[in-house]
Structure formats: C-alpha cells, structure tokens
Amino acid sequence: METTKWYAALDTHSCGQPLRIITGGLPQISGSSQYEKSLFFKRHFDSVRKLLLAEPRGHREMTGAIVTAPTTEEASFGLLFLNQAGLSAISGHGIIAAVAAWTSTGQLSPSEAAKGILIDCPAGTVKAFADCDGHEVRSVSFWNVPSFVYAEQLAVKVQGMEARVDVAFGGEFYAVVDTSMWETGDVFALPKLREWGRLIREEIERQLEVRHPQLDWITGINGVFFYQRHDATGDDGHPNRLAYRCAAALAGEQLDRSPGGAAACAHMAVLHARCPLEPGQQVIYEGITGAQIVGSIASETETHGYHAVIPSLTGTAHILGFMNFLLDPSDPLPEGFVLY
C-alpha cells in the first residue's frame with residue numbers, strides 16, 4: 001500500500017462530546033485573524049476536515065480542532081473548530097478539551113494554565129483556566145465572548161406544538177427553547193431532537209435575518225438549545241443554584257453529547273435578561289449523557305447596542321488516545337462519508 005498523506009491527532013472528549021485535535025500533517029495556517037485562518041483552511045484543507053471527522057475514521061457526531069499560532073499579542077495560541085457542517089466560530093467543549101489536552105501533554109505548564117491564558121477564536125478572544133492537581137487537570141473554566149439576546153419569544157409551531165423561542169448569541173447564534181410546555185412524553189428522545197432542531201432552525205430563519213452586529217460573517221442559526229428546569233438536589237451549600245436538563249442540536253443534525261458550551265452561554269444570556277440570573281449565581285447543566293457543566297455570569301457589558309454578559313463555564317475533559325491516520329491513493333472514499 002502506497003500512502004501519500006499522513007495525519008496525527010489527539011482524541012479527547014469533554015463531558016462525552018468527542019473532539020479530535022489535529023496535531024500533524026497540516027502546514028502553518030495563514031491569516032492575520034482567526035476568521036482569516038478559518039477561510040484559509042476551508043479553501044485549502046476542507047478535504048482534511050471531511051477525511052478525519054467523517055466515517056470511516058470518524059462518525060456523525062465527531063468534532064475537531066486545530067491549534068494555531070495566536071493572532072493577538074497576548075494570546076497563548078489560537079483555535080479553529082471543525083464539525084460535520086464546516087467550521088464554527090467557537091466551541092465551548094472544544095476550548096475545555098484543548099486546554100485540558102495541552103496541559104496534560106506538557107504544551108502548557110500547570111502553573112501557566114492555572115493563572116489563565118488567552119485563546120484566540122474566530123468569534124473573539126476568550127480566557128481559560130485549568131484547575132490542576134500536579135499534572136492532572138481536574139477541570140477547565142473559560143470566560144466566553146460577550147453573549148446577548150438577539151430576539152425574544154418568537155412564535156414557532158413544530159409538528160402541531162406551539163413554542164416561544166428566544167434567539168441568543170454565545171459565540172454562535174442559538175434558538176433557545178423551553179420544552180416544559182410540551183406534553184409529548186420524553187422530549188429528550190434523540191430522533192425527536194434532531195427533527196425538531198432542523199424544523200425550528202428553518203422556521204426561525206424564515207422569520208428573521210440573523211446576523212452579528214459586528215462580525216457580519218456570523219449569520220443564521222447554528223443550533224437549537226432545548227432545556228427544561230429541574231431541581232438541583234443534595235446541594236445545601238448553594239440554595240440559589242439553578243439546574244437544567246438540556247440538549248443541543250447543531251451543525252446540521254449533530255447532537256452535542258456534552259451539556260452544551262456556546263449554547264449554554266446563549267441560554268445564560270436569556271436567563272439574565274428574563275430572571276434575571278445574577279452575576280456569580282451558578283447554573284448546572286446536565287446533558288444527554290448525564291454529564292454536567294457549571295455555568296455562571298462573570299460580568300456584564302455592552303456590545304454594539306446590546307446588553308451582554310460574559311458567561312463562565314466549567315467542565316471536564318479527558319484524553320482518549322494518540323491517533324495516526326493514512327490516506328491510500330486508491331481509497332475510493334478519500335473524503336469519507338456521513339450517514340444521517
């Protein structure tokens with residue numbers, strides 16, 4: 001077998017959501033901003049994204065990341081985020097997994113990660129912290145880009161069910177849906193979430209032009225965040241803590257295995273506008289695997305005419321393995337395939 005292409009990767013998961021960090025086989029990604037780097041990658045190497053994320057090397061829910069040189073003076077590095085639909089402006093589970101992996105493998109010292117590092121992402125620069133016990137990373141937290149409510153209480157009908165949907169930005173735009181009003185049995189059944197996510201996204205985009213006020217290349221609904229309030233039992237030390245069961249359908253019909261990163265940040269912007277969720281008050285998100293992340297609002301700000309919050313998220317991530325991938329020139333499926 002002759003091989004002309006080789007790629008190395010570090011496979012991880014954050015709260016169940018897989019992330020494949022490409023560590024070898026790509027040249028330096030050009031661009032003066034992370035957005036320009038994402039355009040360069042899409043123009044020249046999108047076939048690599050398909051090869052490494054799609055079957056048979058990946059699967060429908062696989063996501064990826066590329067660590068790049070920083071594009072701002074104070075950042076430690078940059079990140080590009082990959083999924084089955086293309087590239088995204090930000091990924092909360094991607095940030096958590098990348099920081100955990102880079103610290104665990106010695107690319108970042110535990111002391112440096114504990115103090116906090118800046119990471120350039122297409123949606124903006126975030127600050128991340130690792131809670132370490134020696135060289136073991138117990139958790140990673142990050143402060144996200146300014147997150148805000150874009151539109152409130154849009155009326156949507158899904159398969160005969162009425163819903164009031166908020167649209168909020170958490171690094172990408174999400175439709176935020178409270179499922180407690182639906183009496184349809186288990187609203188977190190996976191086939192339903194995929195179908196409802198697609199239908200809600202299509203209906204919102206028919207009603208509303210969704211475009212970031214400054215980053216005008218961020219358009220449309222990236223995903224749908226479904227949530228339902230439930231009790232946070234057994235936690236007497238945090239009487240004001242909120243708790244939600246949740247799921248996010250994103251990037252086509254992918255289902256986030258984690259409780260949600262950018263989607264949870266969009267939800268916290270909605271909570272702050274409505275409840276309000278107070279800065280420092282904790283929110284527990286439990287995803288479809290039962291894994292949990294902890295959110296809160298670090299601060300409030302204004303951004304381009306919108307009242308915004310800086311969400312903070314804390315989650316865990318683990319290394320799964322060091323991977324090597326080859327492409328045989330005679331392979332009839334050089335870009336893989338995705339079955340829905």
For the pair Glu172 and Arg201, find out whether any cationic side-chain nitrogen is under 4.0 Å from an anionic carboxylate oxygen.
no
Assess whether a salt bridge exists between Asp131 and Arg138, defined as any Lys/Arg side-chain N lying under 4.0 Å from an Asp/Glu carboxylate O.
yes
Inspect the surroundings of CD in Glu74 and state if more than 12 heavy atoms from other residues, nucleotides or ligands are less than 6.0 Å away.
no
May I ask you to check whether His304 and Phe148 place their ring centres under 6.0 Å from each other?
no
Counting only heavy atoms from other residues, nucleotides and ligands, does the tally under 6.0 Å from NE2 of His59 exceed 12?
yes
Measure up the His318 and His13 rings against each other and bin them: parallel (under 30°), tilted (30 to 60°), perpendicular (over 60°).
tilted
Could you tell me whether Arg274 and Asp166 make a salt bridge, using a distance below 4.0 angstrom between a side-chain N and a carboxylate O?
yes
Straight-line distance of Met323 CE to Arg20 CZ, nearest 0.5 Å
5.5 Å
Short N-O contact, Arg206 and Glu203, less than 4.0 angstrom
yes
Hey, what do you get for NE2 (His230) to OH (Tyr244), rounding to the nearest 0.5 Å?
10.0 Å
Give me the atom names and distance for the closest heavy-atom approach of Ala168 to Ala266.
CB-O, 3.5 Å
Once you round to the nearest 0.5 Å, how far does CD1 of Ile293 lie from SG of Cys246?
6.5 Å
CZ on Arg245 to OG on Ser180, rounded to 0.5 Å
13.0 Å
Testing the 3.5 Å rule here: is there a donor-acceptor pair between the side chains of Gln282 and Arg241?
yes
Is there a donor-acceptor pair closer than 3.5 Å between any side-chain N or O of Thr179 and the backbone N or O of Tyr227?
yes
